[in-house]
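First up is the structure itself, then whatever we jot down about it.
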Amino acid sequence: MSSMAISRNGTTAKNGLGRRISALLYRKPVLTLLLLLTPPLLWFGVVYLGSLLALVLQSGYTFDDFTMQVTPVWTLANYQALFDSTNLDIILRTLFMALAVSLMSALLAFPLAYYMARHARGAEKAFFYVAVMLPMWASYIVKVYAWTVLLAKGGISWWLIEKLGITPAYEWMLALPHVGGTTLATSNFGRFWVFVYIWLPFMILPIQAALERVPENLIAASSDLGARPWQTFGYVILPMAIPGVVAGSIFTFSLTLGDFIIPQLIGPSGLYIGNMVYTMQGSIGNMPMAAAFTVVPIVLISIYLAISKRLGAFDAL
Amino acid sequence: MPHAVTFDHVSRLFGQMRAVDNVSLTINEGEFFSMLGPSGSGKTTCLRLIAGFELPSSGRILIAGQDASALAPFERDVNTVFQDYALFPTMDVLNNVAYGLMVKGVGKKERLARAEEALSMVALADYGSRKPGELSGGQRQRVALARALVGRPRVLLLDEPLGALDLKLREQMQSELKNLQRKLGITFVFVTHDQSEALSMSDRVAVFAKGRIEQIATPQDLYDKPASRFVADFVGTSNVVDAPLAQSLTGQRRIFAIRPERIQLGCAGIVTAHAVRAKGVVRDIAFLGAVNRIEVELAGKAVLTALTPSFGGALPLIGSEVELAWRIDAMHWITEAA
């Protein structure tokens, strides 16, 4: 070690120390790794996993309805309460919306992501990146409030539908049970529309990244072996894009499962999981029940991932 | 019988750049045909033109006598072995090989059986269930070969397929490829920048430079009778002697090429009447194993390289004066376009 630190042409002592540290780190890669990884690992361990653990623990605590006190007495009552018909309604309502939003986002995002990854070049590509990211720069609340106005009776959507002459179709849609409502702004369709609008960039970017990784010559090889374009798409491109779709749908799925602002501002009455967590924790102070509700999206996403893996979604990774 | 592939005045332009410049050639049925040239010479573009990944800017391409100039890759009875193999990472080896049969609608049982057969042809019978990522470079190469051959294409295109392999594996694959080609009787079009590879494997070789064909000939003719200074230099090593020096040595003011192994140090055993002789100073000697490479500077700064077998006799010293000689019929006159 000392021989490494000896300066050959009389550099300063400070320089020598720096060199000595560099040499030490060079010879002990494990030490370098520890120095680099300890802070983020601590952060992850304490802030993310620790808080998650605390959450799961809390969901097993007892909440006294009379005293409004939480006592660390283990109980499964909170989880049992999730299966009450009102709570189950809330969970299923949120789940179906999350599934519908993810499906629609994937359908809308795929062609755009495909074009961005495989055709757009240079300035055009940069334009698409900015265009996709731009809506995320504006405040989420502002955008959702804007939509309440856009979708309201007499709003721009109303005007546009009249101009397009599709009022009958619009009225037919509003009359549908579970989808419609008195106006777009108070319909489930309107809520679905805004959810898709807000989360779409989170679907586009992972799919685009996955498609970007499909080498050009795999497509050439497929075509060379006699595959028509739709076969190449189905057998070569799509399987490699699926991990991106799954990653994107985890975003859209979990963000919808956890959201409480859109359900509050747009669409019919009827709570979502996010609203319940907000109410339980914020208004009632029933932390254990809020925690139990928060565990629901975690479980749902785990199930979703398990199914995706079983179906071979990650084979391309 | 029609030719396997015909290029009829084919050009391919990328912007202003003529990647392939008015190329005409014919490749015979069952032939092992190589396209040899430095990078950027247009050989790979020619291959891609046959495969259909590029379409000609002008001229016609015929495959088995049929005009294929505008056909899509999947409409051509031609398969390619890619330089980086291009195996599908989502499929196992067996399904990679069966892919071409699958997309053409061959039933599952039959296509898997044929894929198995193709895999055993390249000595990978037990690897069907592996993923491409679990194979070595040489094994992936064989899978790519099996995948391209399983459908028995009219023409097999190979785009520098051995470039990524180490020397031993390369040499082994060279002879395997040649054997396979003989056995199957399929036309092989082989693109390479390695002249020894092209010489050792091919029935005929086309030498490319700057988008044009310099010469199409058998390996023997290419080596012994290079059509241009470029071919003489690119195929093997050669001494190309310029006209002024040629005049002082032979009396004829024409460029000629002489292969280093045809130059003899000293004049013993050569009939003077049929030989050219020159005097020079030894500038460098390198021991290459089987031979020694000796560089001799003649009058007028021209340097000739001679290869002499390393089994006998003392070597001259660097700086010493030596006499060189070669038979007149060992020389090859080059007619150069002005």
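Proteins get letters first, then strands, A, B, ... in listed order; numbering begins at 1 in each.
- B:F88 has its side chain out of reach of A:P239: every pair of non-hydrogen atoms, C-beta onward, lies at least 4.5 Å apart.
- Identified under the side chain to side chain donor-acceptor pair (under 3.5 Å) test for residues 232-253 of chain A, with sequence neighbours left out: A:S102-A:T252, A:S222-A:T232, A:S249-A:Y304.
- Atom-to-atom distance recorded for A:Q231:CD and B:Y99:OH is 6.5 Å, nearest 0.5 angstrom.
- Considering all non-hydrogen atoms of both residues, A:M240 and B:P89 come closest at CE-CG, 3.7 Å.
- Considering all non-hydrogen atoms of both residues, A:P229 and B:F74 come closest at CD-CE2, 3.4 Å.
- At a threshold of 4.5 Å between non-hydrogen side-chain atoms, the residues B:Y85 and A:N217 do not count as touching.
- With a 6.0 Å radius and a threshold of 12 heavy atoms from other residues, nucleotides or ligands, B:F14 has its CZ atom above the threshold.
- Separation of atoms OG1 (B:T90) and CD1 (A:I242) is listed at 11.0 Å; rounding is to 0.5 Å.
- Annotation for A:M133: atom CE does not count as buried by contact number, only 12 or fewer foreign heavy atoms lying within 6.0 Å.
- When the candidates B:N79, B:L87, B:V150 are compared by the number of heavy-atom contacts under 4.5 Å with chain A, B:N79 comes out ahead.
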Criterion side-chain contact (heavy atoms from CB on, under 4.5 Å) on B:R147 and A:L225, from CA distance to verdict: CA-CA 8 Å; B:R147 184 178 71 173; A:L225 291 164; 3.5 Å; yes
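- For residues 72-84 of chain B, there are no salt bridge (Lys or Arg N to Asp or Glu O under 4.0 Å) pairs, not counting sequence neighbours.
- Counting non-hydrogen atoms of other residues, nucleotides and ligands closer than 6.0 Å to CZ of A:F96 gives a total of 12 or fewer.
- Across B:G100, B:A51, B:P73, the residue that shares the most heavy-atom pairs under 4.5 angstrom with chain A is B:P73.
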